[in-house]
Peer 1: 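Structure incoming, see below.
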Amino acid sequence: MSGFEVECTPMRLELKQRWTIAHGSSDYRDNVLVRIRQDGHVGYGEAGLSPRYAETATTVTEAVAELTTLLQGRDLSQFYTVGETIQTGIEDNNAAKAALDIAVMDLFCKQVGLPYHKLLGVNGSEAPVTSLSIGMDSPDIIYQKVKEAGGFPVLKIKLGSGNDGEIIQAVRAGTDKPLFIDANEGWKTREEALAKVRWLQTCGEIALIEQPMPADMIAETAWVRERSEIPLIADESVKTASDIPRIAQAFDGINVKLMKAGGLQEALRMIVLARTLQLRVMLGCMVESSVGISAAACISPFVDYADLDGNLLLKNDPFGGVKLKDARPVLTDCPGIGIIKPTTGINI
Ligand code: MG
């Protein structure tokens, strides 16, 4: 066993269009690329940062440095216990943990010459269709985006900002496809949330509603759930596996994201626990490059719903990686998490 080196590099990811949801707007995201080098192999990971959570490129770099110190002298191929150290070595900093955990798994799989999804034993052709998210915008632009989303059989629509009626009217003028609705905590009382749910029940096929109410309004969400015909999925209410039992009675399912969970290994624990509690599982993402999205795609055959479009929103994705065919991620035989290093473009 030889030593390893860990390096953090900020990456400014520019969005094709301004991205607006109930939490705010952005034109770019400052994510962090993590590389672990050992014996001529490089494992890649990414911290995808959301304004909803407190992490920045600086906190990620500091957290990764702290965790790297804790891992010195360890055999990284013992990825299970290495992953435990990553999860428990410091508090919070889940995107930083995710970046390191993804890089550890990518490195190990490259060292043994195996695609990560094969290590998991999944059928790569069973990846679910991914939705395409439509951010908040004027009704004209939403209508245009819906029309341009021809290849995606499911669209995810962001609500919760006060003009929900206009948005759904614009969407339904353009398509009768099934929709995932994401309120991003935007409905503030149980009565408001229930009124929205009842109205959405009359708006064509709605497959699910994500996070109707603020993250800590669990009892209120349970009250809405008892009265809803549409499944409610927890996103902001659940980050890691330890959050699941507390919210299991209030939701029909959970949205697992690598960046909330702290990486692939915790995401897998969340999927197992959710299944045990008979919850449905969605796999989502932040705005991420092909590094984070390719890693998530590897575990997507385990879930019911996928929303892995973060890289599709980017102007300058520095990596190649998982591609979609008929809106499903195609898992290749490329060792590791399935990314291709850039030869041109961003200098990383
Ligand atoms: Mg969400």
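Whatever order the structure lists them in is the order used to number ligands and atoms, beginning at 1. Numbers here are sequence positions counted from 1.
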Peer 1: Using side-chain contact (heavy atoms from CB on, under 4.5 Å), reason through M270 and V238 one step at a time and then give a plain yes or no.
Peer 2: CA-CA 10 Å; M270 293 179 77; V238 58; 3.9 Å; yes
Peer 1: Please check if any side-chain donor atom of T189 sits under 3.5 Å from a side-chain acceptor atom of E220, or the reverse.
Peer 2: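 No donor-acceptor contact under 3.5 Å links the two side chains.
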Peer 1: Between the main-chain N or O of G174 and the side-chain N or O of K147, is there a donor-acceptor pair closer than 3.5 Å?
Peer 2: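 Yes, the answer is positive, given that a donor and an acceptor are paired below the 3.5 Å cut-off.
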Peer 1: Using a distance threshold of 2.8 Å, state whether an N, O or S atom of D235 lies below it from the Mg ion (ligand 1).
Peer 2: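 For D235, the answer is yes, given that an N, O or S atom comes within less than 2.8 Å of the Mg ion (ligand 1).
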Peer 1: Would you say the side-chain atoms of Q87 and Q265 include a donor-acceptor pair closer than 3.5 Å?
Peer 2: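 No pair is found: no donor N or O on one side chain lies under 3.5 Å from an acceptor on the other.
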Peer 1: For a distance under 2.8 Å, tell me if D182 has an N/O/S atom near the Mg ion (ligand 1).
Peer 2: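 So D182 counts as coordinating the Mg ion (ligand 1), yes.
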Peer 1: The Mg ion (ligand 1) is nearest to which N, O or S atom of E210?
Peer 2: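 Relative to the Mg ion (ligand 1), the closest nitrogen, oxygen or sulfur of E210 carries the name OE1.
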